[in-house]
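Keep in mind it's a predicted model, so treat the numbers as computed, not measured.
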Amino acid sequence: RVIGHWLVNNPDKRRDIIVASKVWGGMDGLTPNHWGLSRANIIDSVHACLERLGTDYMDILYFHRPDPTIPLEESLLAVEDLIKEDTVRYFGISNADLATVKEYDKFIAENSPMRTKLCAVQNRFDILRGENAVDAGVLDYAAQTGLSFVAWSPLGQGLLTGRYNDPNKVGAGDRLFDEKNMSTLDNKQLFEKLNRLSELAASIGVELTVLVLAYMTKLPGMGPVIPAASNIKQLEVNASAATLELTDDQIKAIEEIIK
C-alpha cells in the first residue's frame with residue numbers, strides 16, 4: 001500500500017518503473033483458496049494486489065515456487081486469462097530447478113499460440129557460491145534460451161558487502177548472525193576469496209557491493225539483480241553499480257578469484 005500510495009500520487013511515473021509481484025503464499029487468508037497456484041488463488045491474488053497498489057496492471061507476475069498439488073495447465077491458463085485482460089503483462093517463476101523451467105517451456109511450446117511466455121526465472125545466486133545446488137544449470141539454460149535469470153540474494157545475505165570481513169565485529173543486526181548461519185564464515189577458501197574481492201574493489205575505488213553487482217550483470221543469461229537494502233544509502237550504493245564499467249582486466253581478475 002505504501003508503493004500504491006506513491007503510484008496514485010505519481011501517475012506520470014507509472015511507465016518509468018517495473019511493478020513485479022509474486023503469488024503462492026497466503027496474504028489475506030488461511031484457507032486452501034488463499035495459497036498455492038490454483039486458478040482461484042492466482043486470479044484473486046492478482047486482483048487484490050492491484051487494488052492495494054492502486055494500479056490496473058502489473059508488469060510481471062512470478063510464481064513464488066512450484067505447486068505440485070495443482071496441474072501446470074490450470075496455473076498457466078489462469079495466467080493466460082490475466083494477460084488477455086491486461087492485468088498482467090509478463091510472466092516468470094521463482095525458486096525453480098532446471099527440470100521445472102524446462103517443463104514450463106515445454107507446456108507453453110506445445111500449447112502455442114499462447115500469450116503467456118516464460119520470460120524470467122528468479123533464483124538465488126551470488127558469485128562466491130553460485131546457484132543453489134538443486135537449481136544448478138538454470139543460469140546456463142537462461143544464457144542459451146534468452147530467458148532472464150533474476151538473481152535474489154546476489155550479495156550472499158550480506159556476505160559480499162564487506163560487512164563480514166572482520167568476524168570479530170559481527171553481531172546482532174547482521175543477517176548471518178541473526179539467522180544463526182555464521183558457520184558460513186568457517187569456510188577458509190570462501191573467506192580468502194571474499195578478502196581478495198574486497199582488495200580488488202578497493203584498488204578500483206569502489207565498494208565491494210558495487211564491484212559484485214556490476215560484474216554479475218555482465219554474466220551470460222543474467223538479467224536484473226535484486227539486492228536488499230535497509231536504508232537509503234545502501235539503496236544508492238547498490239544502484240551505482242549500474243554505472244560501473246569494468247575493464248577486461250578487472251573482469252579477468254574477478255574470474256580468477258572466484259573460480
Side-chain angles (χ1 to χ4, degrees), residues 18-27 32 34-46 49 58-83 87-112 114-157 159-160 179 181 212-213 216-228:
I18 300 297
V19 173
S21 190
K22 290 183 175 181
V23 60
W24 202 97
M27 285 288 291
H34 291 85
W35 59 273
L37 298 181
S38 68
R39 175 180 175 83
N41 187 50
I42 291 170
I43 292 176
D44 288 348
S45 294
V46 166
C49 178
M58 63 179 65
D59 296 278
I60 180 166
L61 172 68
Y62 287 98
F63 288 172
H64 188 68
R65 59 172 59 89
D67 184 351
T69 69
I70 301 295
L72 183 59
E73 178 181 15
E74 177 179 340
S75 302
L76 285 179
L77 291 182
V79 176
E80 181 78 355
D81 288 343
L82 291 167
I83 290 177
T87 48
V88 169
R89 296 280 174 90
Y90 297 96
F91 170 67
I93 57 177
S94 183
N95 301 305
D97 61 21
L98 183 57
T100 299
V101 174
K102 289 183 175 181
E103 181 184 11
Y104 275 73
D105 271 347
K106 183 174 183 288
F107 179 90
I108 292 168
E110 290 178 348
N111 289 274
S112 289
M114 288 183 68
R115 291 176 173 84
T116 304
K117 306 294 181 186
L118 182 61
C119 68
V121 57
Q122 187 182 124
N123 279 3
R124 193 203 65 78
F125 181 93
D126 67 65
I127 64 172
L128 287 180
R129 294 172 292 187
E131 301 169 84
N132 285 335
V134 295
D135 301 331
V138 174
L139 180 58
D140 285 343
Y141 182 78
Q144 295 163 11
T145 62
L147 183 68
S148 179
F149 187 107
V150 180
W152 62 264
S153 195
L155 299 175
Q157 297 175 295
L159 185 66
L160 285 158
E179 295 182 356
N181 200 18
V212 169
L213 297 178
M216 278 186 62
T217 58
K218 302 298 188 294
L219 293 175
M222 188 65 68
V225 295
I226 44 176

task = In sequence, state the C-alpha distance, the side-chain angles, and the governing distance for Leu160 and Leu128, and then conclude on side chain to side chain contact (heavy atoms under 4.5 Å, CB included).
result = CA-CA 9 Å; Leu160 285 158; Leu128 287 180; 3.7 Å; yes
Smallest separation among heavy atoms of Ile93 and Val101, with atom names = CD1-CG2, 4.0 Å
task = Of all the heavy-atom pairs spanning Ala120 and Ile60, show the shortest one and how long it is.
result = CB-CD1, 4.0 Å
ask   = Is the shortest heavy-atom distance from the side chain of Val46 to the side chain of Met58 under 4.5 Å?
value = yes
message = If you apply the rule side chain to side chain contact (heavy atoms under 4.5 Å, CB included), what do you find for Leu82 with Ile42, and how did you get there?
response = CA-CA 9 Å; Leu82 291 167; Ile42 291 170; 3.7 Å; yes
request  = Please check if the side chain of Thr87 supplies one atom and the backbone of Ile83 the other of a donor-acceptor pair under 3.5 Å.
outcome  = no
remark   = Here the gap from Leu139 atom CG to Leu98 atom CG, rounded to the nearest 0.5 Å, amounts to 11.0 Å
inquiry  = Closer than 3.5 angstrom, by distance alone: can the side chain of Asp135 be matched with the main-chain N or O of Glu131 as a donor-acceptor pair?
reply    = no
task = Give a yes or no on whether the ring-centroid distance for Phe91 and Phe63 is below 6.0 angstrom.
result = yes
request  = Could you grab the distance from atom CZ of Arg89 to atom CD1 of Ile18, nearest 0.5 Å is fine?
outcome  = 9.5 Å
Set of residues satisfying salt bridge (Lys or Arg N to Asp or Glu O under 4.0 Å) with respect to Lys102, sequence neighbours excluded = none
request  = With side chain to side chain contact (heavy atoms under 4.5 Å, CB included) as the test, would you mind laying out the steps for Tyr62 and Val23 before giving the verdict?
outcome  = CA-CA 6 Å; Tyr62 287 98; Val23 60; over 6 Å; no
query = Quick one: OG on Ser153 to CG on Asn123, what's the gap to the nearest 0.5 Å?
reply = 12.0 Å
key: Under the side chain to side chain donor-acceptor pair (under 3.5 Å) test, residues paired with Ser94 that sit two or more places apart   = Lys22
inquiry  = One pair to check against side-chain hydrogen bond (donor to acceptor under 3.5 Å, both in side chains): Trp35 and Asp67. What are the steps and the verdict?
reply    = CA-CA 10 Å; Trp35 59 273; Asp67 184 351; over 6 Å; no
remark   = When every non-hydrogen atom of Ser21 is compared with those of Cys49, the smallest separation belongs to OG-SG, 3.5 Å
query = Shortest non-hydrogen contact from Ser148 to Pro224?
reply = OG-CD, 3.6 Å
remark   = Between Ala96 and Val138 the two heavy atoms that sit nearest each other are O-CG2, 3.6 Å
ask   = Under the 3.5 angstrom rule, does the side chain of Asp126 hit a backbone N or O of Leu155 as a donor-acceptor pair?
value = no
query = Any sub-3.5 Å donor-acceptor pair from Gln122's side-chain atoms to Gly92's backbone N or O?
reply = no
message = Under 3.5 Å, is there a donor on one side chain and an acceptor on the other for Trp24 and Asn41?
response = no
ask   = Can you find a heavy atom in the side chain of Ile127 that is under 4.5 Å from one in the side chain of Val212?
value = yes
task = Would you confirm whether Thr145, through its side chain, and Tyr141, through its main-chain N or O, come within 3.5 Å as a donor-acceptor pair?
result = yes
query = When you look at CE of Met27, are more than 12 heavy atoms from neighbouring residues, nucleotides or ligands closer to it than 6.0 Å?
reply = no
ask   = Atom CD of Gln157 and atom CZ of Arg124: how far apart are they, to the nearest 0.5 Å?
value = 8.0 Å
key: Minimum heavy-atom distance between Asn95 and Pro66, given as atom pair plus value   = O-CD, 3.6 Å
task = Taking atom OH of Tyr90 as the centre, report whether more than 12 heavy atoms of other residues, nucleotides or ligands fall under 6.0 Å from it.
result = no
task = Answer yes or no: is there an ion pair linking Arg39 with Asp81, defined by an N-O contact shorter than 4.0 Å?
result = yes
remark   = So the side-chain hydrogen bond (donor to acceptor under 3.5 Å, both in side chains) pairs with at least one residue in residues 71-80 (sequence neighbours excluded) are Glu80-Thr116
message = To the nearest 0.5 Å, what is the distance between CG on Leu213 and NZ on Lys218?
response = 10.5 Å
key: Donor-acceptor contact below 3.5 Å, side chain Asp97 vs main chain Val134   = no
key: Side chain to side chain, Phe125 and Met222, heavy atoms closer than 4.5 Å   = yes
